[in-house]
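See below for the structure under consideration.
Counting from 1, the numbers follow the sequence of the chain as shown.
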Amino acid sequence: MGMQLSEARLQRHEMNYYSPKTLFVFGDSYVDTGNYRINQAGSSWKNPYGETFPGKPAGRFSDGRVLTDYIAKYLGLKSPVPYKFRKVMQQHLKYGMNFAFGGTGVFDTSSKNPNMTIQIDFFKQLIKENVYTTSDLNNSVVYVSVAGNDYNFYLATNGSIEGFPAFIASVVNQTATNLLRIKSLGVRKIVVGGLQPLGCLPSSTATSSFQQCNSTSNDLVVLHNNLLNQAVTKLNQQTNKDNSTFIVLDLFDTFTSVLNHPSTNNIKDPLKPCCVGLSSQDFCGKVDENNVKQYKVCDSPKSAFFWDNLHPTQAGWEAVYKKLQKTSALHQIRY
């Protein structure tokens, strides 16, 4: 008993050190919780998305919760309200806001949604309107997701393999510029996701019948992550006098480790997506003109890591989150 008491006291003491009150989110479909427009092509508002949580499509690119839902939970906060719903869910504004839009990158992509620069403009405008005060910002955490849309777009628009390393450097530089800009608005802690192993996404592994990751793609991801870690180290050195921190969440290692040891997380299908189109032209959520489904869903989304061609299931995100809890990065957010 004595042990538990002193441990609780220690935790409480640590908690006081930095207990964020708000979470702000920028990025893409890995963290979008409802900004994507309902009538846009793409399926986060169509069945079977959201079937695990909240039980119907709600704008998340998954069968349920996504990474920032777990980060909010870790901070003891409710998930921040999507920017799109800021007027109708005003009582939730105090938990922060989610500015992420599916399909976007740090640069323009094929998506017409606001890229990260514009997302930060939205944030800046709300601060100007005093929706968030200096004290809110001082007690906040920002999460930034850069999950690879810039790279998909580069490849889709015939970017050359020779030019890829230079393009990766420009994506990382722009990311660092964005992080610094967010910090200049008065935020204390900024977390950026490292890039997940793109070569393990079903869109990459379909050619091997979901048997093996594409190592060429993953080598490029390693380059991105090395440059990102260097950039963030540099940002921390430049700004260390004012007690702010930039933190990288290593999604490459956590994804890889869950995919390599699926059974520890009760995952039976590490690489095969749960929801797939019936033909190569179809996709999860697609229906024909008679409203007949052109996709099928696996029996048990909670034993699959990937939901569709690009995005983890809720079970996948939960496994990644549990893995992240064992790393120092998540810990640094709170202390």
Side-chain angles (χ1 to χ4, degrees), residues 7-27 30-35 53-54 58-60 65-100 116 119-145 178-193 232 235-236 239-249 317-318 321 324-325 327-335:
E7 201 172 31
R9 198 173 295 130
L10 185 70
Q11 278 180 328
R12 200 160 51 240
H13 171 70
E14 286 191 347
M15 281 291 294
N16 288 346
Y17 187 47
Y18 186 62
S19 175
K21 306 283 187 289
T22 47
L23 173 62
F24 297 105
V25 179
F26 300 91
Y30 267 36
V31 293
D32 183 347
T33 54
N35 283 316
F53 169 85
R60 286 175 174 81
R65 294 174 179 84
V66 294
L67 181 59
T68 36
D69 295 310
Y70 288 103
I71 291 177
K73 178 183 159 185
Y74 179 75
L75 297 172
L77 303 172
K78 279 192 163 56
S79 283
V81 62
Y83 175 73
K84 184 172 82 181
F85 297 130
R86 65 193 182 285
K87 301 268 201 290
V88 288
M89 296 176 71
Q90 290 193 314
Q91 74 284 15
H92 287 285
L93 296 185
K94 60 176 180 293
Y95 303 112
M97 197 171 286
N98 186 323
F99 298 92
M116 200 175 292
Q119 294 174 24
I120 301 169
D121 291 341
F122 293 158
F123 184 39
K124 193 176 175 183
Q125 184 56 36
L126 292 180
I127 294 170
K128 208 172 135 183
E129 293 167 13
N130 276 329
V131 175
Y132 293 105
T133 63
T134 310
S135 144
D136 292 329
L137 298 172
N138 228 332
N139 290 297
S140 69
V141 167
V142 164
Y143 185 80
V144 173
S145 172
N178 294 348
L179 296 175
L180 211 49
R181 184 173 168 221
I182 292 167
K183 186 200 166 294
S184 74
L185 296 173
V187 174
R188 280 259 305 277
K189 298 234 173 184
I190 301 175
V191 186
V192 58
V232 166
L235 288 176
N236 279 325
T239 58
N240 63 5
K241 49 191 174 304
D242 44 16
N243 203 0
S244 65
T245 323
F246 297 93
I247 301 158
V248 178
L249 273 198
W317 278 127
E318 188 170 10
Y321 167 65
L324 285 168
Q325 279 185 295
T327 66
S328 65
L330 217 47
H331 200 72
Q332 282 176 291
I333 301 177
R334 280 227 309 240
Y335 304 120

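- Here CG of Leu67 is found 7.0 Å from CG of Leu324. Values are rounded to the nearest 0.5 Å.
- Of all heavy-atom pairs spanning Thr33 and Pro82, the tightest one is O-CG, 3.4 Å.
- Here the closest non-hydrogen pair linking Leu185 and Lys124 is CD2-CG, 3.8 Å.
- Minimum heavy-atom separation, Ser140 to Val187: OG-CG1, 3.6 Å.
- Nearest heavy atom pair, residue Thr239 against residue Phe246, reads OG1-CE1, 3.5 Å.
- Nearest heavy-atom pair, Pro20 versus Ile333, reported as atom, atom and distance to 0.1 Å: CG-O, 4.1 Å.
- Phe123 is linked by a ring pair (Phe, Tyr, Trp, His ring centres under 6.0 Å) to Phe24, Phe26, Phe99, counting only residues two or more places apart in sequence or in another chain.
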Sequence neighbours excluded and cut-off under 3.5 Å, please list the side-chain donor-acceptor pairs for residues 127-135, or say none.
| residue | atom | partner | partner atom | Å |
| --- | --- | --- | --- | --- |
| Glu129 | OE2 | Gln125 | NE2 | 2.9 |
| Tyr132 | OH | Leu93 | O | 2.8 |
| Tyr132 | OH | Gly96 | O | 3.2 |
| Thr133 | OG1 | Ser135 | N | 3.4 |
| Thr133 | OG1 | Asp136 | N | 3.1 |
| Thr133 | OG1 | Asp136 | OD2 | 3.2 |

Asn178 and Val144: CA distance, side-chain angles, deciding distance, side chain to side chain contact (heavy atoms under 4.5 Å, CB included) verdict: CA-CA 9 Å; Asn178 294 348; Val144 173; 6.0 Å; no
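- Residues Leu235 and Leu180 form a side-chain contact, since some pair of their non-hydrogen atoms from C-beta on lies under 4.5 Å apart.
- Side-chain contact between Val232 and Leu179 is present, with heavy atoms from C-beta onward closer than 4.5 Å.
- With Asn98 contributing its side chain and Val81 its backbone, the two residues share no donor-acceptor pair below 3.5 Å.
- Applying the ring pair (Phe, Tyr, Trp, His ring centres under 6.0 Å) test to Phe122 and every residue at least two apart in sequence or in another chain returns Tyr83.
- Atom-to-atom distance recorded for Thr245:OG1 and Lys189:NZ is 4.0 Å, nearest 0.5 angstrom.
- Interatomic distance, CG of Leu137 versus OG1 of Thr22, reported as 7.0 Å (0.5 Å rounding).
- The distance from the NZ atom of Lys78 to the CG atom of Leu23 is 14.0 Å, given to the nearest 0.5 Å.
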Evaluation steps, side chain to side chain contact (heavy atoms under 4.5 Å, CB included), between Val25 and Met97: CA-CA 6 Å; Val25 179; Met97 197 171 286; over 6 Å; no
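- With hydrogens and angles ignored, the 3.5 Å screen pairs no side-chain donor or acceptor of Arg60 with any backbone N or O of Phe53.
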The test is side chain to side chain contact (heavy atoms under 4.5 Å, CB included); show your working for Val66 and Tyr30 and say whether it passes. CA-CA 7 Å; Val66 294; Tyr30 267 36; over 6 Å; no
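- The shortest distance between side-chain heavy atoms of Arg334 and Leu75 falls below 4.5 Å.
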Checking Trp317 against Arg65 for the side chain to side chain contact (heavy atoms under 4.5 Å, CB included) test, could you report, in this order, the C-alpha distance in whole Å, the side-chain angles of both residues, the deciding distance, and whether it holds? CA-CA 8 Å; Trp317 278 127; Arg65 294 174 179 84; over 6 Å; no
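- Judged by distance alone, with hydrogens and angles left aside, the side-chain atoms of Lys87 form no donor-acceptor pair with the main-chain N or O of Phe85 at under 3.5 Å.
- Between Gln332 atom CD and Leu249 atom CG the span is 9.5 Å, to the nearest 0.5 Å.
- Counting only distance, with no hydrogens or angles, the side chain of Gln119 and the backbone of Gly27 share a donor-acceptor pair below 3.5 Å.
- In terms of heavy atoms, Lys21 sits closest to Ser19 at NZ-O, 3.0 Å.
- Between Lys84 and Asp32 there is no salt bridge, since none of the side-chain N atoms of the basic residue sits less than 4.0 Å from a carboxylate O of the acidic one.
- Atoms NE2 and CG, from His92 and Leu77 in turn, are 13.0 Å apart once rounded to the nearest 0.5 Å.
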